[in-house]
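So the structure is just underneath, and the comments pick up after that.
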Amino acid sequence: MEFLTVHDAIARHVKDGDQLALEGFTHLVPYAAGHEIIRQGRRNLTLIRMTPDLIYDQMIGMGMARKLIFSWCGNPGVGSLHRLREAVERGSLEIVEYSHGAMAQAYEAGAAGMPCAFFRGYRGSDLPAVNPDIRFIRCPFTGEEITCIPALRPDVTIIHAQRADREGNVLIEGIVGVQKEAVLAARRAVATVEEIVEDFGPRSTNAVILPHWTLSAVAVAPRGAHPSYAHGYYARDNRYYIAWDAVSRDRETFRAWMRKNVLEAGQ
Amino acid sequence: MEFLTVHDAIARHVKDGDQLALEGFTHLVPYAAGHEIIRQGRRNLTLIRMTPDLIYDQMIGMGMARKLIFSWCGNPGVGSLHRLREAVERGSLEIVEYSHGAMAQAYEAGAAGMPCAFFRGYRGSDLPAVNPDIRFIRCPFTGEEITCIPALRPDVTIIHAQRADREGNVLIEGIVGVQKEAVLAARRAVATVEEIVEDFGPRSTNAVILPHWTLSAVAVAPRGAHPSYAHGYYARDNRYYIAWDAVSRDRETFRAWMRKNVLEAGQ
Amino acid sequence: MTSIPMWGGPPGPRPTPPSGPFYTSAEMMTVAAARALGNDDICFVGIGLPSAACNLARLTHAPRINLVYESGTLATRPDVLPLSIGDGELCETALTTVAVPEMFRYWLQGGRITVGFLGGAQVDRFGNLNSTVIGGYGSPKVRLPGSGGAAEVGMGCGQVFIIMRHSPRSFVPQLDFLTTLGHGRTGIERRQLGIRTKGPTLLVTDLCIMRPDPQTNEMVVASLHPGITREQVREKTGWDVRFADVVAETAPPSAEELEVLRSLHARTARAHGTAGGSES
Amino acid sequence: MTSIPMWGGPPGPRPTPPSGPFYTSAEMMTVAAARALGNDDICFVGIGLPSAACNLARLTHAPRINLVYESGTLATRPDVLPLSIGDGELCETALTTVAVPEMFRYWLQGGRITVGFLGGAQVDRFGNLNSTVIGGYGSPKVRLPGSGGAAEVGMGCGQVFIIMRHSPRSFVPQLDFLTTLGHGRTGIERRQLGIRTKGPTLLVTDLCIMRPDPQTNEMVVASLHPGITREQVREKTGWDVRFADVVAETAPPSAEELEVLRSLHARTARAHGTAGGSES
């Protein structure tokens with residue numbers, strides 16, 4: 001683990017062609033890091049995320065992704081992601097589609113060093129017909145059908161969290177989503193944080209903490225989850241999500257918005 | 001969930017012939033409940049526990065168990081469990097033996113509604129040769145060998161925890177071991193607690209809490225983990241563990257000790 | 001969202017002013033759905049209509065109901081409806097919040113949820129749901145969000161309640177894509193696969209309440225909302241809809257139900273600065 | 001526990017008083033083991049000798065080493081040695097404490113531990129360990145505690161360090177039971193199975209330090225502790241023990257190492273009211 005700026009953390013750890021996971025289940029979505037990836041113009045990415053939202057709509061709209069692995073794509077509480085939807089409907093984005101439980105367990109399997117996840121799922125559903133990576137085996141004891149999908153092992157996972165201590169351990173509170181699993185499943189991992197503190201101080205004995213040795217880099221990014229939120233720091237900017245619908249509907253409006261608000265916005 | 005006395009919780013939920021798990025990883029071992037089971041004289045039990053310690057030595061010494069499923073048996077930091085060891089060496093106790101990781105994942109599989117656990121383990125070890133429930137399958141994606149063991153699904157799991165709120169939700173802090181999984185894997189579950197509080201009050205957003213609907217009964221048992229400990233309440237009684245070595249070494253000394261300290265001690 | 005104004009009286013010409021309070025068809029739908037929940041339920045809640053119904057139940061007749069959202073919040077008691085599945089409000093008012101893999105493994109797959117509450121873009125007569133795609137999967141007319149947790153909810157919960165607005169585009173004879181297994185394409189697949197949970201036992205719409213026929217598992221109309229005719233239901237259903245031998249009339253929303261629901265929506269709108277969650 | 005008094009000088013008759021401080025063979029063993037650990041290690045620690053060695057490393061040359069105990073405590077810094085694997089002290093001084101299934105899945109099996117530190121009742125020349133049974137499994141002479149986490153430590157950690165007192169009863173030509181895979185019964189099985197972790201790379205005893213031969217994986221003597229002869233090692237090893245081409249002499253414990261270790265044991269004895277953890 002080393003402390004880096006957001007710029008340097010992305011420059012060092014995100015490469016063209018990477019399998020990249022930006023995780024955050026509505027909460028703690030790593031927007032600042034995502035915008036920096038857009039500014040640095042990475043290409044040919046495989047984007048992984050349970051709930052692709054605006055940040056992936058932006059990356060896909062900027063032509064940075066060739067493939068998306070996901071389980072629910074939408075603008076939560078608002079509607080569609082128009083850039084993503086256009087890319088899918090046009091056929092310019094390859095998709096690998098799961099359900100939430102499957103994908104969460106695929107991260108879990110990656111974190112646990114397993115080649116695949118085993119669970120109950122997809123029986124009677126059409127999803128296995130469109131995703132050849134959904135397979136079935138038999139329980140060696142009961143003969144029951146068990147579903148398998150490959151473990152997720154991103155080249156790099158990026159998360160946002162509340163704070164790091166001076167050793168680079170990272171504390172996550174609130175809706176913790178699948179971030180711990182996504183970090184532990186990854187070959188490299190970057191955490192942006194609201195702040196760095198000397199010591200976490202009094203806390204739950206069972207706090208959700210990623211030890212420094214599980215991270216490649218930690219970078220300070222105040223309000224780094226905006227327009228998502230950081231429990232204990234700032235609320236979700238619902239208006240941003242609502243306004244996004246009109247921005248992303250039109251290709252040119254989208255381009256102009258991205259130029260002004262991301263490309264020329266610096267970090 | 002209903003609030004019961006320890007006596008009534010055991011009377012109602014622990015039956016002769018049950019597969020019974022008393023869990024607690026050194027911390028929060030449910031001694032008070034175990035002693036009540038001894039007083040009520042249950043028979044023909046299959047005892048399940050990762051780390052059988054004094055309470056299982058006592059139950060086995062009292063002839064209550066026909067089978068033990070475990071992964072490490074000993075008096076932690078002291079030595080052997082003489083009653084258990086005698087029963088095994090005499091052949092009067094059937095044993096099913098795993099390693100810790102396997103057994104923890106078998107509880108996890110039970111909690112997750114899976115028929116078996118899948119993990120990496122036991123390769124090159126003699127354990128599969130003496131436990132026919134350790135089997136191997138191939139990963140359908142990579143062809144790698146994956147180890148399987150049946151999920152643990154106790155008839156009843158008993159744990160001890162720090163406190164319950166008035167709804168019967170149960171909070172566990174400190175070394176939480178495998179208790180959540182053991183409760184969720186079980187058909188019935190009983191928690192004894194140090195105290196019942198009106199409300200848990202301010203706490204971590206991600207506190208380890210078993211909701212009331214996962215429990216059959218909650219019973220107050222102050223110092224219910226003694227000679228084990230309850231983080232935040234009282235320390236481990238190391239002298240009790242050390243003294244146990246002499247008590248359990250001799251069958252008659254053991255019998256007399258149990259009569260005086262358990263059978264005639266009331267709850 | 002369009003909502004049919006309706007009154008708490010019988011259908012047909014009205015010689016007198018409506019006897020009950022004024023309410024919309026969406027309110028009727030939400031109220032009817034809420035009533036199906038009880039204090040002992042552990043309910044896995046989807047965003048939107050399910051969330052409104054579940055919280056209405058909690059704020060009226062089922063104060064001890066336990067609401068679970070897929071973001072990991074257990075036994076949550078939001079004061080306002082969430083705009084997203086991961087709103088901070090859900091976590092702040094929860095008993096505790098677990099990681100998402102745990103939510104799906106221990107709570108859903110582990111069988112710790114009594115009722116899953118779902119919507120979808122399309123439903124068929126056997127309660128199968130599509131939330132993936134309209135048109136072909138490889139050449140979509142409309143790409144929908146996808147399963148999210150719905151596939152697992154359909155499998156893991158003790159039973160499934162569906163809440164959807166009635167329309168021929170949504171109530172279709174043949175799903176474009178089967179995302180969430182109900183009773184199966186011919187009503188028997190779920191049983192044949194040996195799945196032990198019940199699947200869809202209730203389908204609440206803005207027109208009626210449907211329940212599966214015990215023999216065929218086809219969702220049949222069990223109750224019409226006040227003022228709704230069989231013909232209206234037929235028109236809005238894409239298959240040849242069947243009615244139970246005895247079709248009841250849904251009790252109209254009570255004054256208390258309406259007041260609590262409207263107050264919930266008003267609080268929600270104030271909190272989000274939007275009409276978020278106002279679908280019902 | 002018997003411990004051979006020794007001095008920090010060469011073996012043989014001593015014409016002059018010993019040049020270094022007085023120490024026991026058990027202290028030498030613990031110190032030698034501690035030295036093998038570094039600041040970058042994430043170390044999975046067994047109770048007893050491994051725990052003493054790991055904490056000695058942390059309190060001397062490796063203050064930033066991360067100690068992990070199988071009870072779920074991550075990056076713990078106990079002030080006294082634990083009597084049991086789940087002592088409260090381990091949790092109170094940890095960065096955080098995770099559930100035991102997570103410990104084994106994410107941390108051990110997930111490959112997040114660099115070194116596993118084990119002991120055992122028997123070891124063979126290829127670093128395989130027995131902690132299950134002496135005699136036949138079905139007709140035991142001595143029933144031992146069993147694997148605990150040892151089987152998984154041997155598989156999941158980047159490499160394994162073993163610390164055991166040298167004796168012919170423990171250093172055996174043939175294990176009664178193979179609990180924890182080292183390099184395999186003939187030294188090649190681990191490699192043949194395609195296991196990617198290194199297995200035993202170090203065996204520290206009260207007499208010497210052994211390391212695997214790069215070709216055969218047989219543990220050979222790489223360093224003799226001060227005052228120990230090859231003959232003494234041969235006498236205490238149940239197989240025909242081999243020595244490296246160049247056998248070093250282990251540096252004796254420094255005054256600081258001894259002071260820190262003794263003070264750790266003294267604190268531990270005071271805390272537990274016993275000689276707990278005093279094995280070294």
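Computed from a prediction, not measured in an experiment: that's the story for all the values here. In what follows, chains carry the letters A, B, and so on, assigned in the order in which the sequence lines appear, proteins first and then strands, with residues in each chain numbered from 1.
Counting only distance, with no hydrogens or angles, the side chain of D/Thr96 and the backbone of A/Ala207 share a donor-acceptor pair below 3.5 Å. Using a distance-only test at 3.5 Å, with no hydrogens or angles considered, no donor-acceptor pair links the side chain of D/Gln109 to the main chain of A/Gly113. Between the side chain of A/Trp213 and the main chain of D/Arg112, a donor-acceptor pair closer than 3.5 Å is present.
For the pair D/Leu95/A/His212, no side-chain contact is recorded, criterion being any heavy-atom separation below 4.5 Å from C-beta on.
Other residues, nucleotides and ligands contribute only 12 or fewer heavy atoms inside 6.0 Å of the CZ atom of D/Arg64. Other residues, nucleotides and ligands contribute more than 12 heavy atoms inside 6.0 Å of the CD atom of A/Glu195. Heavy-atom contacts from other residues, nucleotides or ligands closer than 6.0 Å to CG of D/Asn39 number more than 12. Few gaps surround CD on D/Gln192; more than 12 heavy atoms of other groups in view lie less than 6.0 Å from it.
For D/Ala99, no part sits under 4.5 Å from any heavy atom of chain A, backbone or side chain. Only the side chain of D/Glu102 has a heavy atom closer than 4.5 Å to any heavy atom of chain A.
Heavy-atom minimum distance, A/Glu108 versus D/Tyr106: CG-OH, 3.1 Å.
If you tally non-hydrogen atom pairs under 4.5 Å between each of A/Leu184, A/Asn169, A/Thr214, A/Asp165 and chain D, the highest count goes to A/Leu184.
Using a cut-off of 4.0 Å between Lys/Arg side-chain N and Asp/Glu carboxylate O, D/Arg77 and A/Glu167 are scored as salt-bridged.
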